[in-house]
Structures are given as structure tokens and as C-alpha cells.
Amino acid sequence: MLDKTLSPASFEQRLYEGWEASGAFGADPSSTAAPFTIMIPPPNVTGSLHIGHALTFTIQDTLVRWRRMQGRDALWQPGTDHAGIATQMVVERLLGTQGVARRDIGREKFLEHIWEWKAQSGGTITRQLRRLGASLDWPRERFTMDAGLSEAVREVFVTLHQQGLIYRDRRLVNWDPKFQTAISDLEVESREMKGSLWHLRYPVEGQPGRYLVVATTRPETLLGDTAVAVHPEDERFRDLIGASVILPLVGRRIPVVADEYSDPEKGSGAVKITPAHDFNDFEVGKRHGLAMPSVLDAVGAVCLDEIEGDLLAVPGVADPDFVRGLAGQDRFAARKAIVAELERLDLVETIEAHQNAVPHGDRSGVPIEPRLTMQWYCDAATLAKPAIEAVESGRTEFVPKHFENVFFSWMRDIQPWCVSRQLWWGHQIPAWYAPDGSVFVARTEEEAYVQARQALGEGITLTRDEDVLDTWFSSALWPFSTLGWPQKTAELAKYYPGDVLVTGWDIIFFWVARMMMMGIHFMGEVPFRTVYIHGLVRDEKGQKMSKSKGNVIDPLELVDSFGADALRFTIASLATPGRDVKLGRKRVEDFRSFGTKLWNAARFCEMNGIAPDPGFDPSAVRAPLARWILDAANQAIGEATAALDAYRMDDYAGCCYRFVWNSFCDGFLEFAKPALNGPDGAEKAEIKGAAQHVLGTILRLLHPVMPYLTEELWDRFGYGAEFSLIHAAWPEPVPVSEAAAARGELDWLVGLVSAVRAVRAEMNVPPSVTVPLLVQDASPETLARGGAWLDTIRRMARATEFRALATDEAPKGVAQLVVGEATVLLPLAGAIDLEAERARLRRELDKNEAEAAKVSAKLANPDFVSRAKPEVVEENRERLAGFEAEAARLQVALDRITD
RNA sequence: GGGCACUUAGCUCAGCGGUAGAGCGCCUCGUUUACACCGAGGAUGCCGGCGGUUCGAAUCCGUCAGUGCCCA
């Protein structure tokens, strides 16, 4: 016997272990079944499961389980990425608590610590994924730092270098002064900050007393200024173009250049140009051939090495001693000191309060410093072209389609990708340097030496590049490196390209773009056919969840409270493609009742001796109720399959919900009760047969989204062996004889019962009062149906009998309702308020007449009749006839009780 | 400043040329032997505003307003 209440915690773990132990999640390269591949977008190894993961992995698992049931050889590839900065940060902090600093113990030792940490704590998220029910092929789990994946990284780096698509260059990068590494544009987030706009006076050379006022938000970079730019059309400064100004504090002469970058509307209209510390200034500097001295070092402190020689004493303007005193000062301290000195020299015109967007490192949280350094770059623009073309031609499709625009806009304007990072944790760049500075890129040190000897002769000592590659460099290879590339494996042949990549829109630039570029370049084919983009999870108010706001919800806590199935079903129900999902505890609590409902329905079936019957033949069933539910199940199967095909998780969940709750529970089981309580016979047997068949269908239909509950019921009922639902066949429609007739009959029954219930409720007739149903103008078919369903009608409509009104019969005090061609009279004698009944009928009549008038007006329009589709015209004619007929019957009913 | 999305019942959202929907909430009723995480019934909408296309617009086009996001 099933327990009275559903308690997911009592079976979730046992079922998961059962599936996993039996190898149910495993792909089988040797099978002949068509593959279905989803590459997990590898979560960060330092991560733990948050609600966004719950969303994306619920969707992925639902798709994978569904396809597996359809007989596909499903590969859901698990794994994590090594998360260069994040991991290094975690372990550094950990060592810090023991008083150990990274640089003290050295690279090798530090990496040992990281691997140790990874062995102990790196599996958090994969353990948590199991609680969610995710059916990943665990024995195939990969990590981006694995030997195989590292080989792939070296292979790709060397090949791209040979092809000229990876090169070294000296450009401005986003430098994170806290981690002392370059970071990607995408790891930079701009934050609105309250700052100041300082208007500074730069003395014009040769014109004593004249100043050019420049406006800046970063006075500390003034030391590295090499020009002042004004707009070429700006009348105020026209005569100064080509002149020079004296750079305050430094004393260097710098030119005034004309450049459209300077916006006459902003600030003072003149802007100082510091090419080594600002991306826009860098471009201006290149256009005008300016020097590009750096004045801040790796930690963001003032460094005078590159301007030492420029320092000049200019009375009242520049003092080399002051500048020398700035050396080694942090950029913010230097800002204060510089502003104070300028104020002392009366070179500050005004200070304006100013709101500006300051780029911050998303992990370090400190302002990014643009910095001119030598780095390795990947020619992303060249790699992007075929990726753009693949989406344009539809070889890879986005769902929803409009996200292709986001992809295109990014890819068409893609910048050289800085792939080197000044970290220790990651794939060390396979490049070696000779003492003379020559670079040798090779798969191994031996190969590098071979190259070096060929180029430079014997006796050279090479040193390896210290830097590592961007984590995304290895993630980009994930769709094929996990399958064994560069080896030619059976897995690679079978599972590449993958079917679908599932991810949020915020990650299009990271995974999607990079996997596309690398996949196409190295495999000659797109890495996935479809990119399914879902939204982000927000709190109930639509706010982004964040630890600092304190509005995060823990998916595991929700699993503890309501079960994994409830969380999964809630997520699926709310997952409209591409739109953000507002999710709170309450939503999960609400959807939990659906699982309970199914549990109780199953319990009811069990109590009535409904059990799996493999010999059941749906096509032989004659009882209308059984045919009706079998037909409804057929429709649900069609809808659910179509919804999953279209990645409509919400529609899939919704159609299952309606079928289980409305059709199976409120419809079928309720109508089946009289037969189930009655004597054994052919009809009862058919209804039980249909019940077990449809329950089995429901369990299979819902398994992809509610794997635990369905498997538990499947096993308990004995539909198959333990843990076998995961491999059961996805349901197919079954033949049902005369389905339309069964639908017609049940629709009639539901219509009759609802109408009677509605009238009784409105008339406040207590359930204890039972009344005869006397029908007038009923067709023989209606009378026959009434007879056939008498027990059900009695039970559900609180009726004593259902029969034709005798010709000489004229009951007093009746409520009347129109069902199809017939009018049903409920003699309520004393219980009825005639006035109220008249009003009710009047309302019904008005409603009908209004509808009839609307349709009639439409049909009176000759344009409509001649131009609309014939079937639409016909449909409206039928509707009009229906409304008119019902109105006529209501009129008769009204007349009957009106004197 | 450029771009994208959104605006439908109290709330959360489907629907995207032909009868305005769901879930939750709300109101009324309920000791019918699966389920109160339930059952029955009910109320609630100028489908953001204004134009246009069309026989017909929540749905297509334009425009305005508001909201959110992305990129500068």
C-alpha cells in the first residue's frame, strides 16, 4: 500500500543510486541507436549549486531523459572547468589562513595545493547535481585540466600559432591590479560610481597666463599624458591646435591635437590623452603617433621608470621632487596627492560632481586598470567568420531565434582575444623563449629545443612562458576535447556534433561563441545544432539574486522541503523560452501539490485493484469512459511530445498538469467510481484496464521532469523491474475505436453535470437535497445516455432520476437548464426562489442574445462572407444557429415560469 | 547615445490574424469511502495609449509612453 502522504525524501536517494549503479545514465558508443548529445556547459569547479544551475540542469535533464526514452543513445557529458582566477583565489585564501603566501612556496608547491584542494572540494557541485536527479554519464566526467583535455589545449594552441591565428602583441588589456593579471572584457563589469570631474589648467606654452582647461575623471594618470585633444570643429580651441601645453607637475611639453574623440559638449571640451592608461586615449595616441609611457605598475602603484627622464622643474607648474615622491604610491593615494598639489599650484579650475561608469573586475571587485603589456592574442575575428556563417545558414539555430542577434552583434565586432593570464593555475602556455628573445611554440619542451637548435644552433637554454591560458580557451574545446580529441575516438565519431547546447543568454559570448569558433575550426563542423537559450532566475520581485542582496534561494533547501520533483516541475512550468524566471519558495510550494495529486490518484488506483496488465488491448475497449480517457491520453502524448520537440518546457509541464488533474483525476476517476464500486463485469474490467494503461502512460510522460516520483510509482505498481522507468519507451498514441463518439458522449455528460451543479450552487440547494432531472425535447440518444450514465449522474449531479418529462406533467417551481437540444427541469418546489430563477434565466438569455447579435452582425457583412475563409464563415453560421437555438429554449423556459 | 525584449484578470504568465486563457490568490458552498497540498461553483479584463493595414487586430505595421536588459 502506498503511504497516505507523499514523502520524496523516502525514495529519492535510493532511486538515484539505483539508476547510477545500473549504468542507466551511460551512453553506449557501440549501440546502433541514433545519438543524442548534450555537452554540459562545464560549471566552475569552485562552484556550488545555485538556483540558476537548477534551472539549466532541469531543462537539460528533461531533454536527455525524454530522448533516452525515445530510444536515442543519450550522452549527457558531465564535468567542470578549472576556473583559473576563481580557483587560485580560493586556494590562496585558504593558504592565507595558515599564514602561507603563494609566492613564498613557489609555483610547483602551490599547484600541488590546488590539486589537493580539487580532490577534496572540487566535487561539490557534481554531488549536488545528483540530488537534483541529473542523469549525467558520470564515468565520463572530465575536467579541463585533465591530461587529455590539456593535450587538446596544447594541440589547438600550437596549430593556431602555426596558422598565424595566435600571436604575441603589445596592446592595452584590462588589468586586474588585485590579481595582477589580464582579464577578459567579459570579466569586466561597469559600476556606476559617484566621482568627480576635475577641470585642470594646463599652461599654454609661450602664452603666459593662458591655460587650456582639460576635464578628467582620473587626474592621477596625468603623469602619463602625451597630448591634449580638442575637437577639430571647436571654435574655442581652434588657434591652439598644433600648439603645446606644459604638463603640470611633470613639466613636459605636450601637443594639442585635433581629434573627433574629444566631445565639445562634455567637460571643458578639451581632454587629456594618456594612451597607456585608457582605451580611447590609446586609439587617439595611435592616430597621432604619440608616445605611450606607462605610469602605473602591476599593482596599480605609481611607477616613474618610463617618465623619469622627462621630469622638469617649471616654477609654479612642475616640481620633479614632488613627482618622485609619488613613486610607489597606490593610484588612489596618488590621486589625492596630485589633486592637492595642483590645488596648491592653483591649477584646478573647478571640481564638478560626476557620475561615471567605472570598470571593475567581476571577481576581484576592484577598478580595472587599462595597462599596456605584451600578451598572447587569438585572432577571434578570423575564427568568428565561419561561426557567423553557420548561424546565418541555419546549421546552428538559436531558440528563441532573436538571440541570434545578440550572437551576431558580438561576433561581428569581436576584438582580438587576449588568451594569456598572469596566473599559475591553468594550462601553461606552450611557448619557450631563447635568451635573444626568439619564441618557439611547440607541443613539448623537446620539440621547442629541436626548433631552437635549428634556428639558433646548439647550446641554447630555453625558458618557458610563465603565463597560463584563459579558462575559456579550454572550455571552448569542451564539445570535442571531452570526446578524446585530438585522438580519433569512437566517441568523437558518434557524439560530435552535439544536438543542443542549453544555457542562459548571459553566457552566449562565453560558451556559445567560443565553442562555435573552435568547434568549426578544428572539427570542420558546428559543435551543436541548436542553442537553447533560457532566462535567468530572479526573485519574486524580479530582482537579480545575489548574496549581497540576501535574496538568494538555495535549490537544495527547496529539494529538502518539497522534493526534487517539485522543484523541477516548478522550473519547467515557469521556463518560457528566453525569458527570465521569477522564482520564490512560494512557487515551488504551490506546484508541490501536483505531485501529491498524482500520488493520491495512484493510491486510489491501487485501492481499487488497478494493476499493470500487459495483455490489455486498448483497441478492443468498448466502454465509452475508457475510450474517452484513452483518447485524451493520446492527445496528451501528442501535445507533450510536440512541446518537448519545440523546447517548450512550460507547455510540456502544462499539458501534463491538465491531463493528470483535469482529465484523469477530475474526469475519468470520478466518472469511474460507480463502475469501480459496482459488480465485476466487462465494463468494470475495461475501465480498470484503461486506468492501468493511462496511469502507466502518465508515469512515462512525466518521467523526464519528475523522475523520482514516477519511477517510485512505476516500481511499486510493478510496471517494470526496479529502476526501469528511466529506460521505458516514450508513450505512443494507441488505437481507440470511435474516439469522436466517446468524446461526444463524455462532453455531453460533463456538460450536463456541470450545468446542474452550477444551477444548484446558484440556487443554494444543499447537497443533501436530491432532485429528479426531467428532460424535455430530448432526442432518443440523450435519453439513452441518461440511462447509461444514471449512476454517475445521480452521484455527481445529486439527482434521483433522469427521465423524459411526461406530456401531462407540469411541475411547479422548477429551475431549468439547456443542455444541447434538451431542456432539463429541476423541480425544486419549495427550495426555489422563482424571482431569482427568472433573473438567472434572463441573464443567460441576454448573454446568448448578445453573442448571437455579434455573430449575426458579422455574417451580415457582405465583405466578411465573401472575403473570409469559407470554413470561418461556416463556423460562424453554426455558432449563430447554436446561440439562436439556445436562446429560443431559454425563452421557452422563461415563459414557462412567467405568468 | 545605439540595440533588444517586455507591457493581457489582484499576482505570475501563456496565447501572436477569426468565440480572451491557465496557475496562484479571492468569494460562496462542501463529513460523496484517493487527495483540505482536496472537491463543487463563482467573480474579475477598453489585451499600455494613439494611428494604420485587414472583411476581421490582444495578435501584423507605425508611433508614443512606461519597464527591464545588453552594448557604448
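Each chain gets a letter, A, B and so on, in the order the sequences are listed, and its residues count up from 1.
- Base pairing annotation: G51(B) forms a Watson-Crick or G-U wobble pair with C61(B), both donor-acceptor distances under 3.5 Å.
- The same atom, C1', is picked in U59(B) and in A14(B); the two are 13 Å apart, to the nearest Å.
- Across all strands shown, G1(B) forms a Watson-Crick or G-U wobble pair, both distances under 3.5 Å, with C71(B).
- With distances taken from any side-chain atom of V872(A) to the nucleotides A34(B), C24(B), G18(B), the minimum falls on G18(B).
- Atom-to-atom, CE of M796(A) to C1' of U32(B) comes out at 10 Å; the value is rounded to the nearest Å.
- Picking from A14(B), C37(B), C55(B) the nucleotide with the shortest atom distance to the side chain of T576(A) gives A14(B).
- Checking G41(B), C35(B), G15(B) against every side-chain atom of K597(A), the shortest atom distance belongs to C35(B).
- In this structure, L669(A) places its CG atom 14 Å from C1' of C38(B), rounding to the nearest Å.
- Backbone-only contact: R757(A) has heavy atoms under 4.0 Å from sugar-phosphate atoms and none from a base.
- Comparing the same atom, C1', in G45(B) and in C29(B) gives a spacing of 26 Å after rounding to whole Å.
- Side-chain atoms of S663(A) and R658(A), non-hydrogen and from C-beta on, never get closer than 4.5 Å to each other.
- No contact: R794(A) has no heavy atom under 4.0 Å from any strand.
- Ring orientation note: the planes of Y532(A) and Y647(A) are close to parallel, at an angle under 30° on the 30°/60° scale.
- Applying the 4.0 Å criterion to OP1 and OP2 of G23(B), one finds that S573(A) has every side-chain N and O outside that range.
- Across all strands shown, A868(A) has heavy atoms under 4.0 Å from base atoms, whether or not it also approaches the sugar-phosphate.
- Distances were taken from every side-chain heavy atom of R798(A) (C-beta onward) to each of U32(B), G39(B), G18(B); the shortest belongs to U32(B).
- Residue contacts for K582(A): at a heavy-atom cut-off of 4.0 Å it reaches the sugar-phosphate backbone alone, with no base atom in range.
- As a whole-Å value, the separation of E189(A) CD from C69(B) C1' is 15 Å.
- In this structure, G21(B) and C13(B) make a Watson-Crick or G-U wobble pair, each of the two defining distances being under 3.5 angstrom.
- Rounded to the nearest Å, the gap between the P atom of A58(B) and that of G52(B) is 15 Å.
- Residue contacts shown for R579(A) are limited to sugar-phosphate atoms, with no base heavy atom under 4.0 Å away.
- Using a 4.0 Å cut-off between charged nitrogen and carboxylate oxygen, E606(A) and R603(A) do not count as a salt-bridge pair.
- To the nearest angstrom, P of C38(B) lies 12 Å from CZ of F594(A).
- You'll find that the side chain of R587(A) is closest to U12(B), out of U12(B), G30(B), U7(B).
- Between R412(A) and E392(A) there is a salt bridge, since at least one side-chain N of the basic residue sits less than 4.0 Å from a carboxylate O of the acidic one.
- Rounded to whole Å, atom P of G25(B) lies 10 Å from atom CD of E589(A).
- With both ends at atom C1', the span from C16(B) to C60(B) equals 9 Å, rounded to whole Å.
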### Message
Applying side chain to side chain contact (heavy atoms under 4.5 Å, CB included) to L186(A) and W410(A), what does each step give before you reach the verdict?
### Response
CA-CA 11 Å; L186(A) 299 171; W410(A) 165 257; 3.6 Å; yes
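- Comparing C37(B), U19(B), C24(B) by their nearest atom to the side chain of R592(A) picks out C37(B).
- Annotation: C11(B) and C47(B) have their P atoms spaced 15 Å apart (nearest Å).
- Within the nucleic acid shown, N405(A) has no heavy atom closer than 4.0 Å to any nucleic acid atom.
- In this structure, A40(B) and U28(B) make a Watson-Crick or G-U wobble pair, each of the two defining distances being under 3.5 angstrom.
- U8(B) and G66(B) have their C1' atoms separated by 16 Å, with the value rounded to a whole Å.
- Nearest nucleotide to the H402(A) side chain, out of A5(B), C37(B), C69(B): A5(B).
- Among the nucleotides C69(B), C38(B), G41(B), the one closest to any side-chain atom of R538(A) is C69(B).
- Taking the centre and axis of the six-membered ring of F604(A), the NZ or CZ atom of K673(A) falls inside the cone set by 45° and 6.0 Å.
- Both D651(A) and N662(A) sit near RNA chain B, but only D651(A) has its closest nucleotide nearer the 5' end.
- Nearest nucleotide to the R648(A) side chain, out of G15(B), C38(B), A40(B): G15(B).
- In this structure, L558(A) atom CG and C37(B) atom P are separated by 19 Å, rounded to whole Å.
- Using a 4.0 Å heavy-atom distance criterion, K869(A) is classed as a base contact.
- Counting only heavy atoms from C-beta outward, the side chains of L644(A) and M649(A) approach each other to under 4.5 Å.
- Remark on RNA chain B: of its neighbouring residues D413(A) and K4(A), the 5'-side contact belongs to K4(A), judged by nearest-heavy-atom nucleotide.
- Distances shown here put a side-chain N or O of W661(A) below 4.0 Å from the OP1 or OP2 atom of G39(B).
- A donor-acceptor contact closer than 3.5 angstrom links the side chains of S561(A) and R585(A).
- Taking atom CZ on F509(A) and atom C1' on C70(B), their separation rounds to 7 Å, with Å as the unit.
- If you check every strand for non-hydrogen atoms under 4.0 Å, D506(A) touches nothing.
- Only the P atoms considered, A5(B) is 27 Å distant from G10(B), to the nearest whole Å.
- The side chain of D666(A) lies closest to A40(B), out of A40(B), C55(B), G41(B).
- Residue contacts shown for C665(A) include a base, since a base heavy atom lies under 4.0 Å away.
- No hydrogens or angles were tested; on distance alone, nothing pairs the side chain of E670(A) with the base of A40(B) as donor and acceptor under 3.5 Å.
- For the OP1/OP2 pair of C24(B) and a distance below 4.0 Å, the side-chain nitrogens and oxygens of Y657(A) include at least one atom meeting the criterion.
- Remark: the separation of the P atoms in A40(B) and A65(B) is 48 Å, to the nearest Å.
- Ring geometry for F802(A) versus W748(A): interplanar angle over 60°, hence perpendicular rather than tilted (30 to 60°).
- For A34(B), neither phosphate oxygen OP1 nor OP2 lies less than 4.0 angstrom from any side-chain nitrogen or oxygen of R603(A).
- The interatomic distance linking N764(A) (CG) with G30(B) (P) rounds to 10 Å, in whole Å.
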